[in-house]
Amino acid sequence: MFKIFNLVEEAYESFDQLSYNELMHIRGQNRVISLYSMKNRVLEEASRNFSLGLGTRILSNGAWGFTRTNIMDSDNIRSSMVMAKKLAQTASNYQRTKITLSETRPVHDSVKSQCHKPIEIASQDQIIKTLQEISTGISTSLTELKNINLSLLGLTDRKIFLSSEGSRIQEEFSKVQLKIDLLLKKHDQLIPFSETYGHTGGMELFDKIDTDSIAENIVTEAKPLLEAKACPAGIFKVIIQPSLCATLLHEAIGHPLEADLAMAGGGFNETLMGRKVSSELVTIYDSGLVEGGLGYFNYDDEGVKCSPTTLIENGTLESYMHDRTSAAISDVESTGNSHAWDYSVPPLIRQTNIGMKAGDCTMDELIEDINQGLLLEGTFGGMANSNADFTFGFQQAFQIRQGHIDQVYLGANVSGNAIEVFQTIDGISNKAILRPGACGKGQFAIQGRIVPAIRCNIMIGGKGGT
Amino acid sequence: MAINQTWEILKENVQWALRLIEEHIVAAEAFYTLKNLTQIQIRNSEITGNNQGIDGGIGFRTLIGGNRLGFTSTNNFLKKEEVLKAVENAINLAQISTPNEHVCFPEKSNPKIIKGLFDNEFVTTTIDEALDIAKSGLIATEAVDKRVKVKRGELFLEYGWKGIQNTLGVEVETKNSRGVFYLGAIAQEQDQVTGLCSEINRTTSLDFDAQKQGETVARKVLNLLNPKTITSFTGPVIFSPEVVADHIFAVITEALKGDNVIANSSAWTDRIGSPVAINSLTISDNPLLQANFASQPFDDEGAATTQTLLVKNGELKQFLQHSSSAKAFNDKTTGNASRYGTGWDITRLIVGSGYKVQPIVYPHNLIIEPSQYTLTDLIEEVSHGLFIDSVAGFPHPGSGLVSAQISRGFFIEKGELTQAIKDTMVVGNVFEWLQHISGVSKETKQFDFCHMPALRVEEVKIVGREQ
């Protein structure tokens, strides 16, 4: 598959210092990132990053040791393995509770995600034409535009996973993401707007949605901001559109249900397992196998097959997202959620494609029941705390009065506690949409989210009157 | 192979590749680093990770006829053919880029010598000694009170080299060491769990007082128990150095970046010579302080760094520049090319930092000048307000809008901190807040890219559960 991995396999096969009760995981990775950045219709950056490296993790006497290197010769790879063992043995002297891992079957597999038009070999003229068409389409329709920045990023990973338990897995996948950032100006006020498109695959992303449609969508969503007033503050009945619900789901529910956070006495602690933690309308899952999702993986970085995991079913807490360590503590199987951003860092529990099951309401039905409320759209990212407190930003809001959309407001942040807010969900739209997402839990990750619109009560930190 | 031998090979390969392509380009630059990294991780009261490794690589920028720029990075630097392939790839990418009349590389300058940026103890410290530091912090935190648990912690030790060569005569290198110790704890009492409360120390020498840091974070998190909801109000708020370094720094930085002024995305475009803050506020960028975590003698394209006065007595004096943005202003670089500053740029976060990216304009060590008033003095003058020690959320750097959840805040009544608060947000605009500062603290704290005091701001909107 990739010839440098032969060197990794040779070093692994010849490593004779592993005791029978020790375990070794090796992850080799070759990554190519292509970036095209167009600022104000000028191609400001065309760049490519090549990286190659190896991460070695050894479990000895209940403790992990991890080393990484990008100096890929046989001697150095071997030294890296020796050091990982030494680090594990040293760490075991400091560990009060010994780490054990849940069982997993050895796997031999080679998988490749669907990619019809790899960005690495795509015509650069075509890439630039795509960015120019979108830039021009937006710029000509928004005269108040002060700045427009498009970043098209393609990432291709070729990975190998070797385990002393007998697994040998090769994976190859490509992901493409387009981020569009606008800065509008009205009466000396700068107004930001951004949107992201992305999928696991190649440049066929722009076959699914053409450049004219992208430009048109952006203009349609951004234009109302030019008439927007400051958003009010207080607790409101709101409809959270999928573009924002993606952030809510990831921050408010996703993070607290990652076992490493949950089992340390977080907001969704183990005493709540099997109990109602949200409105009965809510069913939430995580799955690495969502085709096209930016969190598409066949296997995690402990060699566990990814599969759909129901986290909350009809409001009842059913499972956390697990790696093999947390699964062993809970006496369950790993859910395949152990992922590392790249070879240089050890894996930790991450969401892949987190989703919320669609409900049975049309958008009109969600809106018509609200006498006084807000419709929130677009995301500016968010954060979650271990006690299930969360906050995230929305890009714009529309006032709802007696079942009708009214005044537009500028973006602000919402804040709340997931357990309290999710109890208030009383309507879910009948269509869930696949959205791109990103996360920075200690290390970076790009992920997918499958989300409908929801209706709930939430606190809004707007600058306008209450 | 010893790490210093690896560094010599890296340099040789860079020189070799630049020589080979010289006749095909107008100018070329290599930014290269080699670092030894040690990380100790703490999760849920346990030392769970123990990581070591070497990371090195090269980023090539090439400028060809018609002022077209290309960039490629590689970490496969021991193989000459891979290094050459990378720089040739940068030339190919330059051929498709749009001509930019302002893009340029700096010429040779004379970086100042800054003492105290490298401590050999980072080289000689064993993994046991690093583990002892982490363990000491963990034990000290939980020894304060049995309700306190360390949820996350990380000791990060790094030493290594950074070098820059360009075909205009720049050839500089520096060796430095940096250590960061993060401790994050929660407090639990019956059904009540606080949010995560953290304390971070940054240093260039191995002088961590892990025990003191642990005791500090434990005391801080205990104060968060039994928080109360509050009624919305508008009034005085004291922002801790952490909040200033997070939200206020992000907004000021975006306004001060010369490349943002060119792109019309700075709120301070056309404001040179105009007041942008109260008349006692002075802001500078100073990367020349001895033994300072954020100091560096030259920037990330090899230009000598300098102390730059940005805002004096409330008046905007200067924007931050790297060589290309300075050329657009017909000015000199302020030595603020950075390959580590990211702000909130998701694309840049995916690609990475250092040799993996091109430089952007960014402060090295933004400093709001402290005053003679202590934090206690600032609090004593408030009859009804808040002390905000930590917030969650992202500001809108361009517009200055802040709408954030208060993750650690305390009510101030009659000059005293009284009660932890919950379910509360702080709302406003940093550019307006700069006009309403009523106090700057004497106490300051060092962060990755800034050194900040606490600020007291009048007329800040606070949104509570009760209206």
Side-chain angles (χ1 to χ4, degrees), chain A residues 33 35 39-40 42-43 45-53 64-71 83 87 90-91 94-97 124 128 146-147 151 153 179 183 189-192 233-234 260 264-265 344 346 380-381 383 385-387 389 391 393 412-413 415 438 444 446 459 461-463 466, chain B residues 6 43-44 46-56 70-76 78 86 89 93 96-98 127-128 131 135 149 151 186 188 193-196 232 263-265 267 346-347 349-351 356 358 392-394 396 398-399 401 403-405 407 423 425 427-428 461 463 467:
Chain A
I33 295 179
L35 176 63
K39 202 168 201 171
N40 297 326
V42 170
L43 185 71
E45 176 167 358
S47 67
R48 195 155 283 184
N49 298 77
F50 301 96
S51 63
L52 178 66
W64 285 114
F66 177 83
T67 55
R68 44 99 172 265
T69 183
N70 63 303
I71 300 170
M83 179 55 81
L87 291 174
T90 310
Y94 290 80
Q95 199 120 22
R96 289 180 283 198
T97 310
Q124 292 181 324
I128 294 164
K146 297 304 286 183
N147 196 23
S151 298
L153 183 139
K179 184 154 193 297
L183 199 61
Q189 183 170 26
L190 291 167
I191 305 166
D260 53 344
S344 71
F380 276 127
M383 290 178 178
N385 208 325
S386 54
N387 59 353
D389 281 353
T391 183
N413 267 45
S415 164
F444 206 73
I446 46 181
M459 179 186 276
K463 203 167 173 285
T466 52
Chain B
T6 309
R43 295 284 184 274
N44 305 330
E46 282 282 5
I47 290 173
T48 55
N50 181 8
N51 311 335
Q52 252 187 356
I54 289 172
D55 179 65
F71 176 81
T72 299
S73 78
T74 180
N75 69 356
N76 201 356
L78 285 183
N89 204 293
L93 288 165
I96 62 158
S97 72
T98 312
I127 196 71
D128 284 283
L131 282 159
K135 187 180 175 184
K149 298 287 172 211
K151 184 129 178 155
I186 58 166
Q188 272 183 294
V193 186
T194 69
L196 194 71
S232 300
N264 279 323
S265 57
I346 291 287
T347 306
L349 289 169
I350 293 173
V351 178
K356 295 176 182 171
Q358 298 194 51
F394 302 103
H396 294 173
S399 67
L401 181 70
S403 165
Q405 182 186 52
S407 46
D423 299 344
M425 298 182 78
V427 180
K461 183 175 178 178
V463 182
Q467 299 307 315

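As the structure is a computational prediction, the values presented were derived from the model and not from experiment. The basis for the numbers below is simple: all heavy atoms, side chains too, and nothing from hydrogens, waters or symmetry mates. Chain A is the first sequence line, chain B the second, and so forth, proteins listed ahead of strands; every chain is numbered from 1.
A donor-acceptor pair under 3.5 Å is absent between the side-chain atoms of N51(B) and the main chain of T67(A), judged by distance alone. A side-chain donor-acceptor contact under 3.5 Å links N50(B) to the backbone of L87(A). A donor-acceptor distance shorter than 3.5 angstrom exists from the side chain of K461(B) to the backbone of G462(A), with no hydrogens or angles considered.
Across all their heavy atoms, S407(B) and N385(A) have their closest contact at CB-ND2, 4.5 Å. Between A263(B) and N40(A), the closest heavy-atom pair is O-ND2, 4.1 Å. Contact detail for S151(A) and T347(B): the closest heavy-atom pair is CB-OG1, 3.5 Å. A233(A) and V463(B) make their closest contact through CB-CG2, 3.6 Å (heavy atoms, listed as atom of the first residue, atom of the second, distance). The two residues G393(B) and M383(A) make their nearest non-hydrogen contact at N-SD, 3.2 Å.
Annotation: maximal heavy-atom pairing with chain B below 4.5 Å, among I128(A), I33(A), L183(A), T90(A), occurs at T90(A). Among A392(B), S399(B), A86(B), S403(B), the residue making the largest number of heavy-atom pairs under 4.5 Å with chain A is S403(B). By number of non-hydrogen pairs under 4.5 angstrom with chain B, the leading residue of I446(A), I191(A), I71(A) is I71(A). Interface check for chain A: of the options D423(B), N264(B), T48(B), the most heavy-atom pairs under 4.5 Å are formed by N264(B). Interface remark: of the candidates K39(A), R48(A), E45(A), R48(A) forms the most heavy-atom pairs closer than 4.5 Å to chain B. Comparing Q189(A), R96(A), Q124(A) by heavy-atom pairs within less than 4.5 Å of chain B, the highest count is held by R96(A).
Heavy-atom distances place the side chain of T6(B), and not its backbone, under 4.5 Å from chain A. Using a 4.5 Å cut-off between heavy atoms, M459(A) touches chain B through backbone and side chain atoms alike. Heavy atoms closer than 4.5 Å to chain A are found in both the backbone and the side chain of K356(B). Heavy-atom distances place both the backbone and the side chain of I54(B) under 4.5 Å from chain A. Within the 4.5 angstrom heavy-atom criterion, atoms from both the backbone and the side chain of N413(A) approach chain B. With a threshold of 4.5 angstrom between heavy atoms, D389(A) approaches chain B through its backbone and through its side chain. The parts of K146(A) that come within reach of chain B are both its backbone and its side chain, each placing non-hydrogen atoms under 4.5 angstrom from that chain.
Counting only heavy atoms from C-beta outward, the side chains of Q95(A) and I47(B) never approach each other to under 4.5 Å. Counting heavy atoms from C-beta outward, L153(A) and V351(B) have side chains that approach closer than 4.5 Å. Counting only heavy atoms from C-beta outward, the side chains of I350(B) and F444(A) approach each other to under 4.5 Å.
Taken to the nearest 0.5 Å, the CG atom of D128(B) stands 4.5 Å off from the OH atom of Y94(A). The structure places CD of Q358(B) at 8.5 Å from CG of L35(A), a figure rounded to the nearest 0.5 Å. Taken to the nearest 0.5 Å, the CG atom of N75(B) stands 9.5 Å off from the OG atom of S344(A).
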Original post:
Where do T72(B) and F50(A) land on the side chain to side chain contact (heavy atoms under 4.5 Å, CB included) test, with the steps shown first?
Top reply: CA-CA 8 Å; T72(B) 299; F50(A) 301 96; 3.5 Å; yes
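Side-chain atoms of Q405(B) and T391(A) include no donor-acceptor pair closer than 3.5 Å. The closest side-chain donor-acceptor pair between N49(A) and S73(B) falls under 3.5 angstrom. Between T97(A) and E46(B), the side chains place a donor N or O and an acceptor N or O closer than 3.5 Å (distance only, hydrogens not considered).
Under the rule for a ring pair (Phe, Tyr, Trp, His ring centres under 6.0 Å), the partners of F380(A) that lie at least two apart in sequence or sit in another chain are H396(B).
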